[in-house]
Amino acid sequence: MTELRHRGTTENDLYQQSEDKGSENEGKAEGVSESETKPDTGLPEVPVPADDTPEVLNKALSGLSSRWKNWWVRGILTLAMISFFFIIIYLGPMVLMLIVLCVQIKCFQEIIHIGYSVYHSYHLPWFRTLSWYFLLCVNYFFYGETVTDYFFNLVQREEPLRILSKYHRLISFALYLTGEMQAVSKFGWTHVTLLIVVTQSHLIIHNLFEGMIWFIVPISCVICNDIMAYMFGFFFGRTPLIKLSPKKTWEGFIGGFFSTVVFGILLSYVMAGYSFFVCPVEFNSDHNSFEVDCVPSDLFQLQDYALPATLESLTGWPTVRLYPFQIHSISLSAFASLMGPFGGFFASGFKRAFKIKDFANTIPGHGGIMDRFDCQYLMATFVNVYIASFIRGPNPAKVVQQLLALRLDQQLNIFNSLKSHLIERGLLEDVA
């Protein structure tokens, strides 16, 4: 282990020493002991690339202090990312799904790079190759199930897809077993990474199939909370929130909460009036294309709600007209503000264990893609559970799809049973 420690510190000594001094000073400034800011994990430190802030920004902001320079860099890059987000929303749900897959791959690459930098010292062969192989296997399993579930007509029409669908789980297990036989016990943490990144990005796409609003509102609430918490913390922050993230403050946490709840209600009101955002993604076999067109459900129809006596006396309004989805948006925005940041705390603990500041330096001022999406993954899981628990009901279209997959004699038996049931309920007349 002593040899490994020595080997891990021979490279980039000057960089690591400066990072250690910076971390030590930051820990003292925040009232955190050195043992807390630099835990002894017995692992080599992972070198992080130097700051790659665009030269144009460096020149324009050269006269500012590091604190305000970082503020402007983060702000400019945030506006750029939000603009890109609007563009992919305009391009539609299929492009959004492709972007989610790209984000998943990039997040996994950043984590695997950290793991490889450490475990390469133990001379584990095929570490990166097997990691990417498992990523492929898990994606095949999850998205194969999704395609079969949502695009049943397309799958049944194409013979190769029908065969792959029928034996999907057997093929997935065979692929997984093939990789498992090549892996060693040291790869256990890779499996955890796969479960976190792949499973939760798969849930994001599941939410997209329910309607783009179930993707855009939650992810926007997390973005809003991140921005407003940073703003409130930057200007008013005085009280540290948690030692894992010394820069987070109670002032930022509370300010971000109230801002996000208001933002979620307003955004939901705007989006609920457009079928493009509220209709689920469906495959139209007549036109051989994916469509977003439907009659909006009651969840997206304006309704009158009576106000409590206290609010009525303050506003003078006996009722208000809201979309039911706006009520649900309060739960989504509250979770984004109160529980969503814990995804960031988990990521902070992970980074602190490896003695790094960010997962990568992809976005100047923000870190890597994983640094931006650590809270989004936890939010996606909550939204998926929320939809399954409070929103989604029996789907007649899927029932019909399953019936059509049965043999003709089985379909006839079900038809007779259903007919008898409806006659007993008085919904049909017995013409026999």
Side-chain angles (χ1 to χ4, degrees), residues 22-23 25-32 36-37 53 57 61 64-86 216-270 326 329-349 351-352 357-359 363-380 382-383:
S23 300
N25 292 335
E26 180 182 354
K28 291 179 179 179
E30 295 294 335
V32 182
E36 290 172 330
T37 57
T53 303
L57 289 180
L61 305 174
L64 299 177
S65 64
S66 59
R67 182 170 182 261
W68 279 101
K69 179 182 177 181
N70 181 65
W71 190 90
W72 278 104
V73 170
R74 286 177 64 96
I76 293 171
L77 270 297
T78 296
L79 291 176
M81 287 187 289
I82 292 175
S83 300
F84 177 71
F85 184 55
F86 283 134
I216 297 174
V217 170
I219 198 173
S220 299
C221 285
V222 173
I223 293 172
C224 175
N225 181 70
D226 195 28
I227 293 174
M228 298 310 298
Y230 176 77
M231 297 291 287
F232 275 92
F234 184 87
F235 290 106
F236 308 109
R238 296 292 182 272
T239 312
L241 177 64
I242 187 171
K243 288 183 178 180
L244 280 176
S245 295
K247 294 183 179 180
K248 289 184 170 60
T249 63
W250 275 105
E251 291 81 3
F253 184 76
I254 296 172
F257 169 76
F258 286 105
S259 301
T260 305
V261 170
V262 174
F263 172 80
I265 294 174
L266 296 177
L267 180 64
S268 298
Y269 182 82
V270 173
Q326 288 182 269
S329 74
I330 297 175
S331 301
L332 299 179
S333 56
F335 185 90
S337 302
L338 299 177
M339 302 303 297
F342 282 91
F345 299 154
F346 171 80
S348 296
K351 290 183 288 186
R352 190 167 290 252
K357 180 182 178 183
D358 297 313
F359 283 98
I363 310 172
H366 292 267
I369 299 297
M370 188 64 192
D371 292 287
R372 292 298 88 208
F373 278 82
D374 47 12
C375 300
Q376 298 288 359
Y377 284 134
L378 182 60
M379 186 69 192
F382 171 75
V383 173

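The structure displayed is predicted, hence computed values, not measured ones.
- Residue Pro240 comes nearest to Trp250 through the heavy atom pair O-CD1, 3.4 Å, listed as atom of the first residue, atom of the second, then distance.
- The shortest non-hydrogen separation linking Gly256 to Ser337 is O-OG, 3.8 Å.
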Any chance you could lay out the side chain to side chain contact (heavy atoms under 4.5 Å, CB included) test for Thr249 and Phe236, step after step, and finish with the verdict? CA-CA 9 Å; Thr249 63; Phe236 308 109; over 6 Å; no

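- Remark: Trp68 CH2 is packed, more than 12 non-hydrogen atoms of other residues, nucleotides or ligands lying under 6.0 Å away.
- With values rounded to the nearest 0.5 angstrom, Ser329 atom OG is found 9.0 Å from Leu266 atom CG.
- Within a 6.0 Å radius of CH2 in Trp71, more than 12 heavy atoms belonging to other residues, nucleotides or ligands are found.
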Test log, rule side chain to side chain contact (heavy atoms under 4.5 Å, CB included), inputs Phe382 and Leu378: CA-CA 7 Å; Phe382 171 75; Leu378 182 60; over 6 Å; no

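- Between Ile82 and Ile227 the shortest side-chain heavy-atom distance falls below 4.5 Å.
- Nearest heavy atoms, Leu332 versus Val217: CD1-CG1, 4.4 Å.
- Tyr230 and Phe234 have tilted rings, their planes meeting at an angle from 30° to 60° on a 0 to 90° scale.
- Once rounded to the nearest 0.5 Å, the distance linking OG of Ser333 with CG of Asn225 reads 9.5 Å.
- Applying the side chain to side chain contact (heavy atoms under 4.5 Å, CB included) rule to Ser220 yields the partners Phe85, Ile216, Phe263, Leu267; only residues at least two apart in sequence or on another chain are considered.
- Distance check, rounded to the nearest 0.5 Å: SG of Cys221 to CD1 of Ile330 gives 11.0 Å.
- Between Gln326 and Ser268, the shortest heavy-atom contact is CG-CB, 3.9 Å.
- Shown here is Phe258, whose CZ atom has no more than 12 heavy atoms of other residues, nucleotides or ligands within 6.0 Å.
- When all heavy atoms are compared, the tightest approach of Gln376 to Ile223 is NE2-CG1, 3.8 Å.
- The closest side-chain heavy-atom distance from Pro218 to Phe335 is not below 4.5 Å.
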Side chain to side chain contact (heavy atoms under 4.5 Å, CB included) evaluation trace for Glu251 with Thr239: CA-CA 7 Å; Glu251 291 81 3; Thr239 312; 3.1 Å; yes

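- Partners of Phe84 by ring pair (Phe, Tyr, Trp, His ring centres under 6.0 Å), not counting sequence neighbours: none found.
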